[in-house]
Amino acid sequence: ETGVTQSPTHLIKTRGQQVTLRCSSQSGHNTVSWYQQALGQGPQFIFQYYREEENGRGNFPPRFSGLQFPNYSSELNVNALELDDSALYLCASSLDTANTGELFFGEGSRLTVL
Amino acid sequence: AQSVTQLDSQVPVFEEAPVELRCNYSSSVSVYLFWYVQYPNQGLQLLLKYLSGSTLVKGINGFEAEFNKSQTSFHLRKPSVHISDTAEYFCAVSRSGGYNKLIFGAGTRLAVHP
């Protein structure tokens, strides 16, 4: 059973650029959530995908968007990068949308915006 | 809306001593409660969760937590810590019956000294 994997692990962008982060969910998991963790803070919920549809979103602007593919892997896209977007981006997968289960987190993609 | 306050940003403790990491939450609806641990350069791992039933919850690595509804608290305890417990600990809450949107606290850095 493979765990949640994310790529790339580190990347550096400049203001105004666009970035795509990728996540492969744990085997058998059909729900993927994305979180942003700024330095010294707890993770903040960006959005969740279930069966290729967004079914929950946190307080993030529309320039944060995502996709989920038929194999349940997912992408997070951020347009018009700002300095404050520098953070660790965590992907988490689970078996269903009900929050009684455990979220399995990847090790994250660390984005630095210069 | 829900919120989580972790009362200590850092907790230093000697090896084999007991430790308590404090967490208070605010919510107008029923919630589920979680503790996650984050080791350096890794993703988050679930320690334990409270969904319903017994207010004393036991988790992995010898940790336990007690749900106190009247005090809106969910403090994490371990009777004897090891050097390997050094990590960042996050308390999180989600609305019961809702989708997997976790609201995290800012984290508590547990530093175990020999």
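The structure displayed is predicted, hence computed values, not measured ones. Note on naming: letters A, B, ... go to the chains in the order of the sequence lines (proteins, then strands), and numbering restarts at 1 for each one. Note that these values count all heavy atoms, side chains included, but never hydrogens, waters or copies made by symmetry.
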S.K.: For the candidates Gly42(A), Cys91(A), Ser33(A), which exhibits the highest count of non-hydrogen atom pairs separated by less than 4.5 Å from chain B?
M.R.: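 The answer is Gly42(A).
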S.K.: Flag yes if Tyr89(A) and Leu11(A) sit in one hydrophobic cluster, no otherwise; membership is Ile, Leu, Val, Met, Phe, Trp, Tyr, and two members link when side-chain heavy atoms are under 4.5 Å apart.
M.R.: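 Yes.
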S.K.: If you round to the nearest 0.5 Å, how far is CG of Leu44(B) from CD of Gln37(A)?
M.R.: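 With rounding to 0.5 Å, CD (Gln37(A)) is 6.5 Å from CG (Leu44(B)).
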S.K.: At a 4.5 Å cut-off on heavy atoms, which part of Gln6(A) comes close to chain B: side chain, backbone, both, or neither?
M.R.: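 Looking at Gln6(A), nothing touches chain B.
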S.K.: Once you round to the nearest 0.5 Å, how far does CG of Leu102(B) lie from CD of Gln48(A)?
M.R.: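 Between Leu102(B) CG and Gln48(A) CD, I get 9.5 Å after rounding to 0.5 Å.
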S.K.: Does anything in residues 105-114 of chain B reach chain A? List residues with heavy atoms under 4.5 Å apart, or say none.
M.R.: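 Gly105(B), Ala106(B) fall under the 4.5 Å cut-off.
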S.K.: For residues 55-66 of chain B, which side-chain donor-acceptor pairs fall under 3.5 Å, sequence neighbours excluded?
M.R.:
from	atom 1	to	atom 2	distance (Å)
Lys58(B)	NZ	Glu64(B)	OE1	2.8

S.K.: In terms of hydrophobic clustering (I, L, V, M, F, W, Y; side-chain heavy atoms under 4.5 Å; direct or indirect links), are Tyr39(B) and Phe104(A) co-clustered?
M.R.: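 No, because Tyr39(B) and Phe104(A) fall into different hydrophobic clusters, even though each may have its own neighbours under 4.5 Å.
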S.K.: Just so I know, are the side chains of Phe90(B) and Gln41(A) near enough to count as touching, which here means a heavy-atom distance under 4.5 Å?
M.R.: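 Phe90(B) vs Gln41(A): side chains apart.
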S.K.: Return yes when atom CZ of Arg63(A) has more than 12 non-hydrogen atoms of other residues, nucleotides or ligands closer than 6.0 Å, and no otherwise.
M.R.: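 Result for CZ/Arg63(A): enclosed.
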S.K.: Heavy-atom distance under 4.5 Å to chain B: side chain of Tyr35(A), backbone, both or neither?
M.R.: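 For Tyr35(A), the side chain is the part near chain B, not the backbone.
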S.K.: Please give me the minimum heavy-atom distance between Gly43(B) and Leu90(A), naming the atom from each residue.
M.R.: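 Between these two residues, the closest heavy atoms are CA-CD2, 4.5 Å.
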S.K.: Membership question, hydrophobic clusters at under 4.5 Å side-chain separation (ILVMFWY): are Phe74(B) and Phe104(B) in the same one?
M.R.: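 The answer is no; the residues belong to distinct hydrophobic clusters.
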S.K.: Taking everything shown except Asn71(A) itself, do over 12 heavy atoms lie less than 6.0 Å from its CG?
M.R.: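 Enclosed: over 12 neighbouring heavy atoms sit under 6.0 Å from CG of Asn71(A).
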S.K.: Is Phe60(A) reachable from Leu76(A) through a run of hydrophobic residues whose side-chain heavy atoms are each under 4.5 Å from the next?
M.R.: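 Same hydrophobic cluster.
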S.K.: Shorter than 4.5 Å, heavy atoms on both sides: which option in Gln6(B), Gln45(B), Glu88(B), Gln38(B) has the most such pairs with chain A?
M.R.: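 When all of Gln6(B), Gln45(B), Glu88(B), Gln38(B) are compared, Gln38(B) has the most.
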S.K.: Surrounding CG of Leu114(A) (heavy atoms of other residues, nucleotides or ligands, distance under 6.0 Å), is the total greater than 12?
M.R.: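 For Leu114(A), atom CG is crowded (more than 12 foreign heavy atoms under 6.0 Å).
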S.K.: Side chains of Tyr36(B) and Leu103(A): closer than 4.5 Å at any heavy-atom pair?
M.R.: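 Yes, at least one pair of side-chain atoms sits under 4.5 Å.
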S.K.: Is Leu88(A) linked to Val37(B) within one hydrophobic cluster, defined over Ile, Leu, Val, Met, Phe, Trp and Tyr using a side-chain heavy-atom separation of less than 4.5 Å?
M.R.: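 Different clusters.
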